[in-house]
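Here is the structure we will look at.
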Amino acid sequence: MSSDKVKISLKDGSVKEYPRGVKVEDVVRDIGEGLYKASACVKLGGKFADFGSGIEKDTQLVVLTKKDPEALAVLRHSAAHVLAKAVCELFPNVRLGFGPAREDGFHYDIVSDKALSQDDFDAINNRMAEIVKADLPFVRKVVSADQALAWARASGQKYKIEAIEKLGGADGDEPGSADVSSARGTDVPSVDNHAQDARATNEISLYETGDFVDLCRGPHVRTTALIGCVEVTQVSGSYWLGDEDNDKMQRVRGVAFFSKKDRDDYFNMLEEAKKRDHRRLGVDLDLFHFEDDAPGMPFFHPKGATIYNALLDYSRRLQRKAGYVEVKTPLVLSEELWKRTGHWDNYLENMFFSRRLTAVTIKDGDAMAVVRDEETGYTLAKDASEEDDRRMAVKPMNCPGHVKVFGDKRRSYSELPIRISEFGMVHRRERAGVRHGLLRVQAFTQDDAHIFCTPEQIESEVVGAIKLIQKLYSSFGFEDIHVELSTKPEKSIGSAEVWERAENALAVALKTASLDFKLNPGDGAFYGPKIDFHIRDSIGRSWQCGTVQLDFSMPGPDRLDVSYIGADDKPHVPVMIHRAMYGSVERFLGILIEHYAGEFPVWLAPVQATILPIVSKVNYYAQQVAEKLLDRGVRVTVDERGEKVQRKIREAELQKVPYMLVVGEKEAQLGSVSVRRHGEGDQGVLSVDDFLAQIEKELRV
RNA sequence: GCCAGCGUAGCUCAGCGGUAGAGCAGUGCUUUCGUAAAGCACAGGUCAUGGGUUCAAAUCCCAUCGCUGGCUCCA
C-alpha cells in the first residue's frame with residue numbers, strides 16, 4: 001500500500017486512487033464535470049464532508065445531489081447561513097445564536113436592536129435571493145479555539161463566544177453543553193453534535209460565505225446557488241439555549257428548497273393541513289366553540305357532543321371487558337385534601353380555586369367594595385369572614401377521588417387488583433399563550449383509571465394497561481405513535497429509592513410489551529414516573545395522549561393513607577397505577593378531527609345518514625324511513641326544506657355526512673332509497689332493509 | 001409568563017382620521033324540482049372592552065381580555 005496515495009471507493013463499487021490529501025472537489029470533478037455540477041454535498045466514510053476537505057486516508061465517497069433527501073437537511077442548514085448573512089447586512093448590531101435545520105425548514109435565533117416583523121420579510125427575502133444568485137461557495141476554515149474566540153470577539157458575537165468556550169476552549173468534559181450547529185429539539189438527524197466533534201478533534205470550524213463568517217460545524221452545500229428557493233416564513237420569540245432565564249432572542253424561521261416545485265408542494269401541503277385544522281372544522285361542522293368568558297374550555301354543540309359520547313361509549317366498552325369498574329367523584333374538594341396529596345406543593349399554579357363571596361349590597365349605585373387579601377390573593381366581600389369561607393379547589397386530577405373510593409371500606413388482598421375508572425373532568429390553569437383549540441385546553445375529561453394492586457401485580461397490570469391502550473389506538477388507525485418513559489422531576493414526592501423502583505418496574509413492563517421507548521429524564525409526574533403515548537396530528541406536531549404512571553406515594557401513610565389487609569392479616573399500602581387512554585377526550589377528539597379531516601367513520605359520525613326528499617310530497621315517506629333507521633340505532637336526519645335536491649346534497653356533502661338517502665316518488669312506491677356515499681357519489685337504489693344491513697356493519701368499531 | 005401579529009354582521013373578509021360595506025348564512029314570499037348552490041325582497045354591527053389624543057376615531061396612542069404563530073410548560 002503506497003503511502004502517498006489514497007484509495008477512494010465510490011457508490012458504484014469502483015475504487016479510484018488519488019494523491020494523498022486530494023481535495024474532495026477535485027475528486028468529484030475527476031469523476032465527471034456533470035456530477036460536480038449536480039452535486040450538492042458529499043459524504044466521506046458515511047459522514048458529511050466539505051468540497052474543500054483533503055482526503056488523507058482510504059475512504060468511501062458518496063456524492064449527494066438535489067434528489068437525496070439527506071441533502072435537503074444540509075441545504076436548509078446552509079439556508080440558515082444565508083438568512084444570517086442577509087439579516088446581518090440589513091440590520092445593525094445583530095448577534096447570532098444558533099441556526100439549525102429543522103424538520104420542515106430552518107431557523108436562526110438572533111438578537112437585534114430591531115424587532116423584526118412581517119414587514120421586514122420582503123427585504124430579507126430579497127437580500128437572500130441576491131446572496132443565492134451571487135453563487136457564493138461555503139468555505140470551511142479550521143481554526144484553534146483561540147483563533148475562533150478572536151474572531152467572535154472582533155465581530156461582537158457574544159453568543160458565539162459563549163458557544164466556543166463551551167466547545168473547545170475548555171477541556172470541556174461536561175456533557176450536553178452547547179451544540180453549535182443545531183439547537184435543541186427538532187434537529188435533523190444527520191446533523192451531529194458539534195461539541196463532541198470539537199472536543200474529539202480539538203478543532204473549531206468557521207464557514208465563510210462571501211464576506212460573512214459564522215461559527216459552524218457544517219456541513220454545507222457546495223454553493224449558495226444550489227438553494228432554489230429560500231424565504232422567511234415567520235418570526236417568533238425564543239431564549240438563548242432554550243432557557244427562560246437566559247436572554248430573549250428572536251427566532252427567524254424559514255424554508256428552503258432545491259426547486260420551485262418542491263416549494264410549491266410544501267405550501268400546498270400546508271394549505272391542506274390548514275383545511276384539516278380542527279378549529280376550522282369545529283366551526284364548519286358545528287362541533288364546538290369557545291367563548292372569551294371561558295378561555296380554553298370548549299362548548300360542545302350537539303354534533304360535537306355526539307362524537308364525544310361515542311368515544312366515551314367505546315372506551316367504556318373496552319374497559320368493562322378488561323375488568324374495570326366505573327365511578328363518579330366530585331369536581332370540587334377541600335384545599336386541605338390537595339395539601340395532603342402533595343398537589344398544593346407541586347401543582348398549585350395549575351389549579352383553579354373557589355372563593356366564597358357573601359351577598360354584595362348596592363350602595364350609591366355601586367357594588368359594595370370588596371376587600372382584597374393581598375397575601376392569599378382572595379377577594380372577599382367585607383362581611384364575609386375567613387371562617388365562613390372553607391376553601392375549596394377544583395380538581396386538576398382524579399386520583400384523590402379514586403383513592404377515596406378505594407379507602408371507603410376495608411379491602412382484602414384477594415380483591416386486588418381493583419381497577420377504578422372514571423370519565424373525570426379536570427380543570428388545569430395554563431400559562432397564557434399555550435392554549436390551542438381542543439389540543440390544549442383548561443377543562444377536559446380524562447378517561448382516567450387508577451389500578452390498586454399488590455407489588456407482585458405491577459408488571460402484569462402495567463402490561464395490561466399498555467395493551468388496552470394499543471388496542472384502543474388501533475381502532476382509529478393510528479400508526480405514528482411513540483412512547484416515552486419519563487423519570488423523577490425536580491418537584492416530586494417520595495424517596496429516591498421508591499422512584500428508582502417505580503422507574504425500573506415501568507421499564508420492565510415496556511420490555512415485556514416489547515415497545516421501543518425514548519427516555520425522558522426529569523419529566524415524570526410529581527408522584528411517580530410515567531409512560532406516555534404520543535400521537536402526531538396532521539401537520540406533524542406530536543401530542544401526548546395516553547399515559548401509565550406508577551405511584552407508591554399517594555396511597556401511603558404520609559398522604560391519603562389507605563391500605564388493604566394482606567394474607568398475613570396485616571395492613572399494606574397498595575400500589576397505585578394511574579392510567580389514561582385517550583388522555584384528554586378533548587385532545588383526542590381534536591386529533592381525530594384532523595386525522596379524519598372531518599370525515600369520520602360511520603360509528604363516530606354525528607349524523608350517520610340524512611334523508612333528502614326530492615319533493616315535499618314524499619316528506620311523509622322520508623319520515624317513515626327515518627323512523628325505521630332510528631329504531632335500529634342509526635343517527636339520521638331528514639332535510640324537509642323546500643330546496644332543490646342538488647342543494648340538499650351539496651350541504652350534506654359539506655357537512656361530510658357518510659350516507660345521503662335521496663327519496664322521490666319512485667322510492668316511496670318501492671320502499672327503497674337511492675344511496676349516495678359522501679365523497680363517492682351515487683351508489684344506486686337499495687331497499688331500506690338492504691341499506692340497513694349495509695350501514696349496520698359500520699355502526700360499531 | 002415571553003416575542004411578534006390579530007380582534008369590523010353567525011362565517012369569510014373589505015374599509016385604516018370625515019355619518020359602517022360585500023359574499024355566504026338568516027328571515028319572508030315565489031318555485032315542487034332526481035345526485036355539489038333556484039329567484040326576489042328584507043333584516044342584521046355601541047367596529048373585543050376601558051381609557052386617551054383630535055373639531056372628528058373602526059381607523060392614531062395606552063391598558064385589559066381573547067385569538068393566531070412561536071418560545072417555555074403540559075393531557
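The sequence lines fix the lettering, A, B, ..., with proteins before strands; numbering per chain opens at 1. Just so we're clear, the structure is a prediction, and the values are computed from it rather than from any experiment.
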For a quick check of understanding: with a heavy-atom distance under 4.0 Å over all strands, which category does [X] fall into, base, sugar-phosphate or nothing?
X        : answer
A:Gln655 : nothing
A:Thr547 : nothing
A:Glu651 : nothing
A:Arg440 : base
A:Gly433 : base
A:Gln442 : nothing
A:Glu291 : nothing
A:Val426 : nothing
A:Lys666 : base
A:Ala580 : nothing

For [X] and [Y], take the angle between the two ring planes, folded into 0 to 90°, and tell me which bin it lands in: parallel under 30, tilted 30 to 60, perpendicular over 60.
X        : Y        : value
A:Phe353 : A:Trp344 : perpendicular
A:Phe98  : A:Trp240 : tilted
A:Phe299 : A:His289 : parallel

Heavy atoms from C-beta onward define the side chain here; which of [options] lies closest to that of [X]?
X        : options             : answer
A:Pro295 : B:C67, B:C74, B:G34 : B:C67
A:Phe444 : B:C67, B:U72, B:A75 : B:A75
A:Arg676 : B:C71, B:C74, B:A36 : B:A36
A:Arg650 : B:A37, B:C74, B:U32 : B:A37
A:Arg431 : B:A75, B:G70, B:U72 : B:U72

Between [X] and [Y] (side chain of the first, backbone of the second, donor and acceptor by atom type, cut-off under 3.5 Å), is there such a pair?
X        : Y        : value
A:Glu484 : A:Phe533 : no
A:Glu430 : A:Asn350 : no
A:Asp447 : A:Met581 : yes
A:His301 : A:Val283 : no

If you measure from the [atom1] atom in [N] to the same atom in [M], how many Å do you get, rounded?
N     : M     : atom1 : result
B:U68 : B:A36 : P     : 35 Å
B:C42 : B:G1  : C1'   : 50 Å
B:A58 : B:G21 : P     : 13 Å
B:G39 : B:G10 : C1'   : 24 Å
B:C6  : B:A48 : P     : 13 Å
B:U27 : B:G69 : P     : 33 Å
B:A22 : B:C61 : C1'   : 31 Å
B:G52 : B:G15 : C1'   : 24 Å

Testing A:Phe588, A:Phe290, A:Phe444 one by one against A:Leu438 for a side chain to side chain contact (heavy atoms under 4.5 Å, CB included), which residue passes? A:Phe290
Return the nucleotide paired to [N]: Watson-Crick means purine N1 to pyrimidine N3 with N6-O4 or O6-N4, wobble means G-U with N1-O2 and O6-N3, both under 3.5 Å.
N     : value
B:G7  : B:C65
B:U31 : none
B:A20 : none
B:A25 : none
B:C60 : B:G52
B:C73 : none

Whole angstrom is fine here: how far is it from [atom1] in [X] over to [atom2] in [N]?
X        : N     : atom1 : atom2 : answer
A:Tyr239 : B:C73 : OH    : P     : 10 Å
A:Arg641 : B:U27 : CZ    : C1'   : 14 Å
A:Arg587 : B:C73 : CZ    : C1'   : 12 Å
A:Gln646 : B:U31 : CD    : P     : 18 Å
A:Arg647 : B:G34 : CZ    : C1'   : 17 Å
A:Asn346 : B:C73 : CG    : C1'   : 15 Å
A:Asp523 : B:C73 : CG    : C1'   : 10 Å
A:Gln250 : B:G70 : CD    : P     : 17 Å

Check the phosphate of [N] against [X], side-chain N and O only, distance under 4.0 Å to OP1 or OP2. Yes or no?
X        : N     : answer
A:His436 : B:C74 : no
A:Arg435 : B:C73 : no
A:Lys644 : B:A36 : no

Has A:Trp543 got its ring stacked on B:A75, by the test of a centre gap below 5.5 Å and a plane angle below 30°?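 Not stacked by the 5.5 Å and 30° rule.
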Are [X] and [Y] ion-paired here, with the side-chain N under 4.0 Å from a carboxylate O?
X        : Y        : result
A:Arg429 : A:Glu349 : no
A:Lys617 : A:Glu665 : yes
A:Arg276 : A:Glu599 : no

Between A:Ile614 and A:Glu643, name the one whose nearest nucleotide on RNA chain B is closer to the 5' end.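 Comparing both residues, the 5'-ward one is A:Ile614.
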Toward the 5' end of RNA chain B, by each residue's nearest nucleotide, A:Glu430 or A:Val663: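 So the residue in question is A:Val663.
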Could you write nucleotides 42-50 of chain B as a row of B, S and -, 5' to 3', where a protein heavy atom under 4.0 Å of any base atom gives B, of only sugar-phosphate atoms gives S, and otherwise -? ---------
Pull out every residue in residues 275-285 of chain A that has a heavy atom closer than 4.0 Å to any atom of RNA chain B, ordered by number, or say none.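 Close to the strand are A:Arg279, A:Arg280.
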cation_pi(A:Arg677, A:Tyr659) dist<6.0 Å, angle<=45: yes
Donor + acceptor pair across side chains of A:Ser687, A:Ser672 (<3.5 Å): no
If the condition is ring pair (Phe, Tyr, Trp, His ring centres under 6.0 Å), which residues does A:Tyr527 pass it with, not counting sequence neighbours?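 Ring pair (Phe, Tyr, Trp, His ring centres under 6.0 Å) check on A:Tyr527 returns A:His578.
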